[in-house]
Amino acid sequence: MLRAAKADGGRRGIAVIIPLYLALRRAEIAALRWEQFDHRGWVRLSGKGSKVAHLPLHPELQKALTWYRAVAEPESPWLFPSRVDAGHIRPHTSAKWAQMIALRAD
């Protein structure tokens, strides 16, 4: 799955790589903001019950995010901005992307 996600070379691939390293749910992936990531290699996540967790980024994920940030839409606060409105993609979209990548991983 990781190889197929890297080969995708786009936001779909990044949306699959992130949960492989951080074990996030599809809604959490869809709603990620750039401000949650710091320059030291950590991500800040809010979970159930408004609990905040700070998780380290795997070097491979950090490398992928650095590349993605350089090609992503610079004016958007979202990692995965919606192409329909000013918000982020829907959770269903991130799940659909994962299915597409999984079919290529066979």
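We number each residue from 1, following the sequence as shown.
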> Hey, are the side chains of Leu24 and Leu32 touching, using non-hydrogen atoms and a 4.5 Å cut-off?
Replying inline: yes
>> I need the minimum non-hydrogen distance between His92 and Arg26, along with the two atoms involved.
In response: CA-NH1, 4.0 Å
> Closest approach of Trp34 and Ala72, non-hydrogen atoms and distance?
Replying inline: CZ2-CB, 4.1 Å
> Hey, is the main chain of Glu73 close enough, under 3.5 Å, to the side chain of Ser76 for a donor-acceptor pair?
Replying inline: no
> Which is it for Trp97 and Phe80 under the side-chain contact (heavy atoms from CB on, under 4.5 Å) test, yes or no, and what are the steps along the way?
Replying inline: CA-CA 12 Å; Trp97 290 348; Phe80 307 108; 4.0 Å; yes
> Any side-chain heavy-atom pair from Arg12 and Lys96 closer than 4.5 angstrom?
Replying inline: no
>> Working note: Leu45 + Glu28, criterion side-chain contact (heavy atoms from CB on, under 4.5 Å); need CA distance, chi angles, decisive distance, verdict.
In response: CA-CA 8 Å; Leu45 300 167; Glu28 294 167 331; 5.8 Å; no
> Atom NZ in Lys6, atom CD1 in Ile14: separation rounded to 0.5 Å?
Replying inline: 10.0 Å
>> Working note: Leu65 + Arg69, criterion side-chain contact (heavy atoms from CB on, under 4.5 Å); need CA distance, chi angles, decisive distance, verdict.
In response: CA-CA 6 Å; Leu65 287 170; Arg69 184 159 207 160; over 6 Å; no
>> Does Leu2 form a side-chain contact (heavy atoms from CB on, under 4.5 Å) with Ile17? I'd like the steps, not just the answer.
In response: CA-CA 6 Å; Leu2 182 58; Ile17 291 170; 4.0 Å; yes
> Under a single-linkage definition using a 4.5 Å side-chain heavy-atom cutoff for Ile, Leu, Val, Met, Phe, Trp and Tyr, are Val43 and Trp67 assigned to the same hydrophobic cluster?
Replying inline: yes
>> Less than 4.5 Å apart, side chain to side chain, heavy atoms only: is that true for His54 and Val52?
In response: yes
>> Taking CZ in Arg90 as the centre, count heavy atoms belonging to other residues, nucleotides or ligands within less than 6.0 Å. Is the count above 12?
In response: no
>> With a 3.5 Å distance limit and no angle check, can you tell me whether Arg104 reaches the backbone of Gln99 through a side-chain donor-acceptor pair?
In response: no
> Less than 4.5 Å apart, any side-chain heavy atom of Pro77 and any of Arg33?
Replying inline: yes
> Are the side chain of Thr93 and the backbone of Ile89 linked by a donor-acceptor contact shorter than 3.5 Å?
Replying inline: no
> Is there a donor-acceptor pair closer than 3.5 Å between any side-chain N or O of Asp38 and the backbone N or O of Gly41?
Replying inline: yes
> Is it true that Tyr21 and His58 have ring centroids separated by less than 6.0 Å?
Replying inline: yes
> Do you know which two heavy atoms are closest between Asp8 and Gly13, and how far apart they sit?
Replying inline: OD2-N, 3.1 Å
>> Testing the basics here: between Tyr68 and Leu79, what is the closest heavy-atom pair and its distance to 0.1 Å?
In response: OH-O, 2.6 Å
> Between Gln36 (side chain) and Arg44 (backbone), is there a donor-acceptor pair under 3.5 Å?
Replying inline: yes
>> Working to the nearest 0.5 angstrom, can you tell me the gap between Leu22 CG and Leu57 CG?
In response: 6.0 Å
> Is it true that a side-chain atom of Ser94 and a backbone atom of Ala30 form a donor plus acceptor pair closer than 3.5 Å?
Replying inline: no
